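First the structure, in the form of structure tokens, and then the observations on it.
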Amino acid sequence: MDKLFEQFHKVLRETDTGFFRYIYAEINWKSRMIGLTGPRGVGKTTLVLQYIKRNLNLDETLYVTAEDFYFADKRLIDLADAFVKRGGKYLFVDEIHKYKDWAKELKLIYDYHPELNIVFTGSSVLDIKKGASDLSRRAIMYNLQGLSFREYLQLFHQIAVQPFSLEEILSHKAELPGVKHPLPFFEDYLKRGYYPFALEESFDLRLQQIVNQTLESDIPMYAGMNVSTGRKLKQLLAIIAKSVPFKPNMTSIATALSSSRNNITDYCLFIEEAGMIAQLRDSTGGIKGLGKVNKIYLDNTNLIYSLANENSNSGNIRETFFLNQLRVKYDVIASNVADFQIGDYTFEVGGKNKGLKQIQGIDKAFIVKDDIEQGYLNVLPLWQYGLTY
């Protein structure tokens, strides 16, 4: 165990506390068991280490990763027991999905050690959610997405701005104090601003690695798939990347992949849960509900630039950004007359020359324009929708 403490203190010393993700203040850190999920690379590990560094007594705290070789021949429940006997009160387990039977052992730890607070994180949303259903009476679950445009401005350029509600944006109350021209920042964000690790070197290579790990390892391993099925996931993502946004024809995709139509629907759901694509559904189910899938997008604009290459058309990028940013706080669904619907509001997304014809005669309808700095009447700039979280 001493080696685990040594590794924990090393990574803690290297943890920066100059910037905190949006969800940090939303988490009830006093809960006895907390689960934090989200796609690979969005900053879950940094977030929990920041909390430890700012708030906890290190003599009572231990952070471990389930990938550690320590767990090759040792059990998590035994570690927790030994830690409690040493006076431990706060146990953090990163990459929990890499540990077999993690949900079962976490339940036992929770029940056996009422004095111990447990926080666990996991990148594989699929298996985490399956396990979390078993922990529903014990764990409070949170989901972390990538950087908003607002967070990017603060982390990459030290430009601090408060989040705005959708209603404040639609009322022209959103602004960036001290920033005369937001569009150059916005253009950079679309290419590399969604993942915090873009501040480090080799961003493109690391993003490709995350895609490969997600499709070749995370999903197949925890959804019970074989290697050949994992290859089909990569083929499916390639088809989506070349076509998005598109109204999916599951039958034709199934034919191209030599698979059944039902399997394609499941594959899309798996890839969506893992943070690689977003499926826009109709009003019967909402963005994460059971409604019919209207369009499929890549999850965020950074993935478009990485995977779609020559297929990265501006219309695709605009719609992807809008859906990606608004879904964190709002239920975004497909509109019957325009691009998107959020509650009573209708949105049509386009370039700076986009006209009002599409939404004429519709109450609470808005044109969302790219390549403009400020809005007027019911026309608003696309970049402002990145300030909601």
Side-chain angles (χ1 to χ4, degrees), residues 1-31 33-71 76 79-80 83 86-99 116-124 128 139-148 150-160 192-203 205-207 209-210 213 275 302 389:
M1 187 187 290
D2 290 338
K3 186 68 174 178
L4 293 177
F5 275 104
E6 182 181 328
Q7 292 169 341
F8 161 43
H9 290 160
K10 180 179 183 296
V11 296
L12 196 65
R13 284 193 298 271
E14 297 169 352
T15 299
D16 182 76
T17 56
F19 168 78
F20 291 84
R21 295 300 315 280
Y22 72 95
I23 206 170
Y24 183 92
E26 299 176 8
I27 295 175
N28 180 6
W29 293 101
K30 295 181 180 180
S31 301
M33 182 177 284
I34 297 168
L36 180 63
T37 67
R40 282 181 175 270
V42 296
K44 299 181 297 298
T45 299
T46 298
L47 188 144
V48 297
L49 288 169
Q50 287 176 326
Y51 176 76
I52 295 171
K53 196 166 188 175
R54 287 191 71 187
N55 299 280
L56 299 183
N57 179 349
L58 298 189
D59 293 333
E60 303 173 337
T61 307
L62 176 61
Y63 162 90
V64 298
T65 172
E67 290 183 298
D68 197 287
F69 192 70
Y70 174 90
F71 294 107
L76 182 60
L79 172 67
F83 178 55
R86 289 180 54 158
K89 295 182 179 179
Y90 304 95
L91 178 62
F92 293 77
V93 187
D94 205 3
E95 301 283 348
I96 190 71
H97 57 283
K98 296 294 180 70
Y99 184 89
L116 185 64
N117 289 270
I118 307 147
V119 178
F120 62 90
T121 77
S123 295
S124 177
I128 285 290
I140 296 179
M141 302 297 297
Y142 298 90
N143 185 260
L144 178 65
Q145 294 298 313
L147 296 171
S148 66
R150 183 192 73 85
E151 290 182 304
Y152 156 85
L153 289 171
Q154 184 172 348
L155 179 60
F156 284 62
H157 301 286
Q158 294 72 56
I159 299 171
R192 65 180 193 102
Y194 190 68
Y195 296 94
F197 61 81
L199 283 171
E200 305 165 13
E201 295 181 2
S202 305
F203 168 69
L205 178 60
R206 185 166 174 189
L207 185 54
Q209 289 173 339
I210 282 178
Q213 287 173 325
N302 293 184
Y389 72 90

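Small disclaimer: the values here were computed from a predicted structure and weren't measured.
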Notebook entry, point to check: For the residue pair T17 and Q50, what are the closest heavy atoms and their distance?
Noted result: CA-NE2, 4.0 Å
Notebook entry, point to check: Just wondering, more than 12 heavy atoms not from E201 lying within 6.0 Å of its CD?
Noted result: no
Check: What's the spacing between F8 CZ and K3 NZ if we round to 0.5 Å?
Finding: 15.5 Å
Next item on the list: Hey, can you tell me if F71 and Y99 have their rings parallel, tilted or perpendicular (30° and 60° cut-offs)?
Entry: perpendicular
Check: Do L49 and D94 have side chains that get closer than 4.5 Å, going by heavy atoms?
Finding: no
Margin query: Between N28 and I34, is the side chain to side chain contact (heavy atoms under 4.5 Å, CB included) condition met? List the steps.
Written below: CA-CA 8 Å; N28 180 6; I34 297 168; 5.9 Å; no
Check: Roughly how far apart are T61 OG1 and N117 CG, rounded to 0.5 Å?
Finding: 9.5 Å
Next item on the list: Looking only at non-hydrogen atoms, find the nearest pair between V42 and R21 and report the distance.
Entry: O-NH1, 2.8 Å
Checklist line | Non-neighbouring partners of H9 that pass ring pair (Phe, Tyr, Trp, His ring centres under 6.0 Å), sequence neighbours left out | finding: none
Check: Within 45 degrees of the axis of the six-membered ring of F197 and under 6.0 Å from its centre: does R206 put its NZ or CZ there?
Finding: yes
Next item on the list: Assess whether side chain to side chain contact (heavy atoms under 4.5 Å, CB included) is satisfied between V119 and L36, documenting all intermediate values.
Entry: CA-CA 8 Å; V119 178; L36 180 63; 5.5 Å; no
Note to self: Run I52 and F92 through side chain to side chain contact (heavy atoms under 4.5 Å, CB included) and show every step you take.
What the structure shows: CA-CA 9 Å; I52 295 171; F92 293 77; 3.6 Å; yes
Checklist line | Within 6.0 Å of NZ in K53, more than 12 heavy atoms from elsewhere | finding: yes
Check: Any ion pair linking K10 and E14 (charged N to carboxylate O, less than 4.0 Å)?
Finding: yes
Margin query: If I compare all heavy atoms of Q145 with all of Y389, which pair ends up nearest, and what's the gap?
Written below: CB-OH, 4.5 Å
Checklist line | Donor-acceptor contact present, side-chain Y152 to main-chain L147, <3.5 Å | finding: no
Margin query: For the residue pair R54 and F20, would you count it as a cation-pi contact if the rule is NZ or CZ under 6.0 angstrom from the ring centre and within 45 degrees of the ring axis?
Written below: yes
Margin query: Any heavy-atom pair between the side chains of L4 and L79 that's under 4.5 Å?
Written below: yes
Item checked: Any side-chain heavy-atom pair of Y63 and Q7 under 4.5 Å -> no
Item checked: Test salt bridge (charged side-chain N to carboxylate O under 4.0 Å, His left out) applied to R86 - qualifying residues, sequence neighbours left out -> D2
